[in-house]
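All remarks here apply to the structure that follows.
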Amino acid sequence: YKIQLIEQKDPRDYMDQKYLFSWTKRPKVQENFINLTECGIELKKGYYYTVNIDALDENQRIISRSANKYGRPDFLVTE
């Protein structure tokens, strides 16, 4: 899997979205979890996040993608 994490303060304002991994340096994982601390990512209290996941085949081609829910981040960091 290849992972992308998008951070934003206001869930309705796409202009403040920040992609936390550069496109060419998105982390790859074999399991269904990722340690963001090891990737140098610290989630911020009060910010909203969207997770995008691409499933890859053995040739690193995308075979499936997570659904995009525009206007609906996946979670808000509260603590």
Side-chain angles (χ1 to χ4, degrees):
Y1 303 99
K2 269 191 176 178
I3 310 297
Q4 180 57 272
L5 193 61
I6 304 167
E7 174 184 86
Q8 60 192 109
K9 182 69 173 165
D10 181 346
R12 297 172 306 271
D13 184 3
Y14 291 103
M15 297 304 291
D16 79 344
Q17 284 185 337
K18 178 182 177 186
Y19 286 73
L20 299 185
F21 300 109
S22 71
W23 187 252
T24 59
K25 295 186 179 174
R26 292 179 299 156
K28 289 183 187 176
V29 296
Q30 297 290 324
E31 303 292 330
N32 60 356
F33 65 90
I34 184 169
N35 185 328
L36 294 175
T37 303
E38 289 178 0
C39 296
I41 301 295
E42 184 176 332
L43 302 181
K44 299 175 185 173
K45 184 177 179 181
Y47 280 72
Y48 292 85
Y49 292 88
T50 301
V51 180
N52 290 331
I53 302 169
D54 292 339
L56 308 172
D57 68 10
E58 63 275 355
N59 296 312
Q60 304 303 301
R61 293 181 300 215
I62 297 170
I63 57 174
S64 185
R65 285 200 149 127
S66 56
N68 288 327
K69 299 174 286 182
Y70 296 103
R72 293 188 54 192
D74 294 314
F75 62 94
L76 166 67
V77 175
T78 58
E79 293 186 25

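Heavy atoms only: backbone and side chains are in, while hydrogens, waters and symmetry mates are out.
Without hydrogens or angle criteria, N59 side chain to R61 main chain gives no donor-acceptor distance under 3.5 Å. A side-chain donor-acceptor contact under 3.5 Å links Q8 to the backbone of D10.
I6 and I53 end up in different hydrophobic clusters when Ile, Leu, Val, Met, Phe, Trp and Tyr side chains are linked at under 4.5 Å. In the hydrophobic clustering of this structure, Y1 groups with F21; members are Ile, Leu, Val, Met, Phe, Trp, Tyr whose side-chain heavy atoms approach within less than 4.5 Å, directly or through other members.
Side-chain contact check for Q60 and K28: at least one donor-acceptor pair (N or O, by modelled atom type) lies under 3.5 Å.
A 4.5 Å side-chain heavy-atom check between Y48 and P11 finds at least one atom pair inside the cut-off. Between L5 and T50 there is no side-chain heavy-atom pair separated by less than 4.5 Å. No side-chain heavy atom of E7 sits under 4.5 Å from any side-chain heavy atom of Q17. Residues V77 and Y47 form no side-chain contact, since every pair of their non-hydrogen atoms from C-beta on lies 4.5 Å or further apart. Using a 4.5 Å cut-off on side-chain heavy atoms (C-beta onward), K9 and D16 make contact. The shortest side-chain heavy-atom distance between S66 and V51 does not fall under the 4.5 Å cut-off. Contact annotation: the side chain of L76 never approaches that of Y49 to less than 4.5 Å [non-hydrogen atoms, C-beta and beyond]. For the pair L43 and L36, the minimum side-chain heavy-atom distance is below 4.5 Å.
Between R26 and W23, the shortest heavy-atom distance links the atoms NE-O, 3.3 Å.
Look at D54 and R65 and you find a salt bridge, because one of the NZ, NE, NH1 or NH2 atoms lies within 4.0 Å of a carboxylate O, short of that distance. The pair K45-E79 does not meet the salt-bridge criterion, since no charged nitrogen lies less than 4.0 angstrom from a carboxylate oxygen.
Under the side-chain contact (heavy atoms from CB on, under 4.5 Å) criterion, K25 pairs with S22, not counting sequence neighbours.
Put simply, CD1 on I63 and CG on D57 are 5.5 Å apart, with the number rounded to the nearest 0.5 Å. In this structure, CD1 in I3 is found 12.0 Å from CD1 in I41, a value given to the nearest 0.5 Å.
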